[in-house]
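Every heavy atom of this structure was used, including side-chain atoms; hydrogens, water molecules and symmetry mates were not. Keep in mind that what you see is a predicted model, and the values were worked out from it rather than measured.
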Amino acid sequence: MTDSRFDPFDTLIDRDTARSLLLEATAGAEDGELFLERRRSEALVFDDGRLRTASYDAAEGFGLRAVSGDVAGYAHSTEISERAIRRAVQTTRLAVAEGGRVMAPPPPGTNRRLYTEADPMLDAGFGVKVETLREIDAFARALDPRVVQVSATIAAAHQEVFILRPEGTLVSDIRPMARLNVSVIVERDGRRESGGTGGGGRHGLAALMDPLHWKGLAREALRIALVNLEAVPAPAGIMDVVLGPGWPGILLHEAVGHGLEGDFNRKKSSAFAGLMGQRIAAPGVTVLDDGTIPDRRGSITVDDEGTPSGKNVLIEDGILVGFMQDRQNARLMGVAPTGNGRRESFGHTPMPRMTNTYMLGGNTDPKDILAGLKDGIYAVGFGGGQVDITNGKFVFSCTEAYRVQNGKVGSPVKGATLIGDGATALRQIRAIGNDMALDPGMGNCGKAGQWVPVGVGQPTLMIGGLTVGGSAT
């Protein structure tokens with residue numbers, strides 16, 4: 001592992017030569033770029049009393065793109081050299097065909113920095129990380145005799161990118177990422193239940209490895225597991241649901257956020273296509289996608305096309321006012337890019353993707369929202385889910401939820417799933433809390449086979465008429 005900076009135009013290829021090849025690839029095109037990347041990552045997993053996994057990965061390469069209308073030619077390689085890029089030019093030229101198009105204006109520049117450039121993997125040595133995981137394991141087991149298994153993970157990554165555009169603009173970004181997770185399994189009378197928590201962001205590992213931090217994570221993981229140990233089968237039926245603040249915003253992200261990405265709306269495959277300027281949510285509902293929040297997991301100084309990230313309002317007081325855009329879809333839809341052109345790596349083309357997507361808070365005390373729930377579910381933790389972008393229909397499983405009757409929070413429930421569709425759920429929001437919170441930094445978003453880190457957030461919400469799937473008879 002090394003802390004040397006990635007500088008491909010100093011060590012691998014002459015910058016003028018690279019630009020000359022890029023100009024050849026994009027001659028007669030509307031857009032394009034040479035994206036160069038080096039990414040390094042590591043993960044240590046301590047499970048069941050021993051170091052189960054210790055992995056380190058390093059990769060570097062380039063992606064060359066030429067865009068003409070709604071077509072893009074793309075070629076990539078793990079070899080950054082004049083020879084490799086020259087071969088890539090032949091592929092990207094296929095998309096340009098006859099050419100004759102005018103190159104789009106370049107992205108605006110920025111000197112903003114939203115996170116440190118330091119490599120989080122260098123914050124501590126391998127032995128220190130292993131010992132920290134060992135201490136987490138011992139501490140969690142000592143908290144309660146019912147703990148039978150502990151798993152803890154330390155993960156970090158360092159991504160360095162350069163984006164060269166045909167007009168000669170060169171944009172760079174250095175993106176750190178760090179995360180620490182803790183999960184436990186408890187057992188009583190033959191019944192086992194689990195609980196887990198964690199998070200991180202675009203910063204170093206040092207704060208995450210502080211005992212004051214990871215001890216809190218261990219206690220929270222145990223609390224969730226013990227709650228689930230007392231859980232009874234969830235009821236089934238159509239009922240009102242209160243969602244807790246923070247991480248439950250993953251439902252908003254999946255059920256609504258993807259439907260507000262520009263490509264789905266340009267192709268009219270989104271449930272929100274053609275509804276710009278119309279009411280799509282209850283009054284008071286304002287949703288943003290904001291890539292400019294310092295140190296957050298989903299934040300990016302610039303997107304993967306070189307456009308500065310933005311604080312973009314998508315829904316304002318219930319009215320649809322904007323979509324998330326990359327450069328290609330924005331141009332085809334006649335609007336401005338929003339800084340949402342993202343890609344998993346140099347091996348992937350950019351597309352409109354979320355960054356940190358959240359709903360603003362309202363004026364209602366969360367206690368009053370719960371007091372107004374006559375018969376329903378209070379969901380504060382979510383696991384996996386599935387969403388159909390074309391109609392917004394979703395199914396989400398709850399990892400921590402409670403039965404509420406006559407405004408009183410009762411027994412925890414297990415096996416609860418929330419079923420509905422994003423468009424209907426937005427209109428059926430009946431109360432918005434004043435406790436908006438962002439998630440602790442744990443989200444990954446998948447689209448078209450690509451994964452990128454994201455953030456979510458929301459206040460306490462009451463949504464009327466969701467279908468709750470459960471096993472209670």
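- The salt bridge (charged side-chain N to carboxylate O under 4.0 Å, His left out) test with E305 is passed by exactly one of R65, R353, R343: R65.
- Sorted by first and then second residue, the salt bridge (charged side-chain N to carboxylate O under 4.0 Å, His left out) pairs involving residues 371-388 (not counting sequence neighbours) are D375-R403.
- For the atom pair R327 CZ and T307 OG1, the distance stands at 5.5 Å (nearest 0.5 Å).
- The pair K267-D263 does not meet the salt-bridge criterion, since no charged nitrogen lies less than 4.0 angstrom from a carboxylate oxygen.
- For the ring-ring contact (aromatic ring centres under 6.0 Å, His included) condition, the pairs that include at least one residue of residues 235-256, sequence neighbours left out, are H253-H258.
- Using modelled atom types, one finds no donor on one side chain facing an acceptor on the other under 3.5 Å when comparing T116 with R202.
- Among all heavy-atom pairs drawn from H76 and G63, the shortest one is CB-CA, 4.0 Å.
- The side-chain contact (heavy atoms from CB on, under 4.5 Å) with M359 is formed by just one residue from the set L314, V256, I429; it is I429.
- Side chain to side chain, T460 and D435 meet the donor-acceptor criterion of an N or O pair below 3.5 Å.
- In this structure, the side chains of E160 and R40 come closer than 4.5 Å at one or more pairs of heavy atoms.
- In this structure the side chain of E42 reaches within 4.5 angstrom of the side chain of K129, judged on heavy atoms.
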For R112 and S309: C-alpha separation, side-chain torsions, deciding distance, then whether side-chain hydrogen bond (donor to acceptor under 3.5 Å, both in side chains) applies.
CA-CA 10 Å; R112 179 185 59 192; S309 60; 2.9 Å; yes

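- By the 6.0 Å contact criterion, CZ on R50 is open, its count of non-hydrogen atoms from other residues, nucleotides or ligands being 12 or less.
- The shortest side-chain heavy-atom distance between R146 and E187 does not fall under the 4.5 Å cut-off.
- When each of D290, D439, D289 is paired with R296, the salt bridge (charged side-chain N to carboxylate O under 4.0 Å, His left out) condition holds for D439 and for no other.
- Residues T357 and L288 are not in side-chain contact: their nearest non-hydrogen atoms beyond the backbone lie 4.5 Å or more apart.
- Separating the OG atom in S397 from the CD1 atom in I419 is a distance of 11.0 Å, to the nearest 0.5 Å.
- For N181 and R179, the side-chain atoms include at least one donor-acceptor pair closer than 3.5 Å.
- Side-chain contact between Y402 and V227 is present, with heavy atoms from C-beta onward closer than 4.5 Å.
- If you take CZ on R141 and CD1 on I136, they are separated by 12.5 Å, rounding to the nearest 0.5 Å.
- Note that the CG atom of L461 and the CG atom of L252 stand 8.0 Å from one another [nearest 0.5 Å].
- Going from atom OG1 of T197 over to atom CZ of R223 covers 9.0 Å, rounded to the nearest 0.5 Å.
- The number of heavy-atom neighbours closer than 6.0 Å to CG of N444, taken from other residues, nucleotides and ligands shown, is above 12.
- Relative to the six-membered ring of F264, K447 meets both conditions, a distance below 6.0 Å and an angle of at most 45° to the axis.
- K393 NZ: 12 or fewer foreign heavy atoms inside a 6.0 Å radius.
- Side-chain contact check for E261 versus M354: some heavy-atom pair is nearer than 4.5 Å.
- L320 has its side chain out of reach of Q278: every pair of non-hydrogen atoms, C-beta onward, lies at least 4.5 Å apart.
- With rounding to the nearest 0.5 Å, the separation of CG in L243 from CD1 in I369 is 10.0 Å.
- A donor atom on one side chain and an acceptor atom on the other are found under 3.5 Å apart for N329 and R266.
- Salt-bridge annotation for E400 and K414: absent, with no side-chain N of the basic residue lying under 4.0 Å from a carboxylate O of the acidic one.
- In this structure the side chain of F382 reaches within 4.5 angstrom of the side chain of C398, judged on heavy atoms.
- For the residue pair N356/S299, the side-chain donor-acceptor check at 3.5 Å is satisfied.
- Side-chain atoms of Y115 and E117 form no donor-acceptor pair, as typed in the model, at a separation below 3.5 Å.
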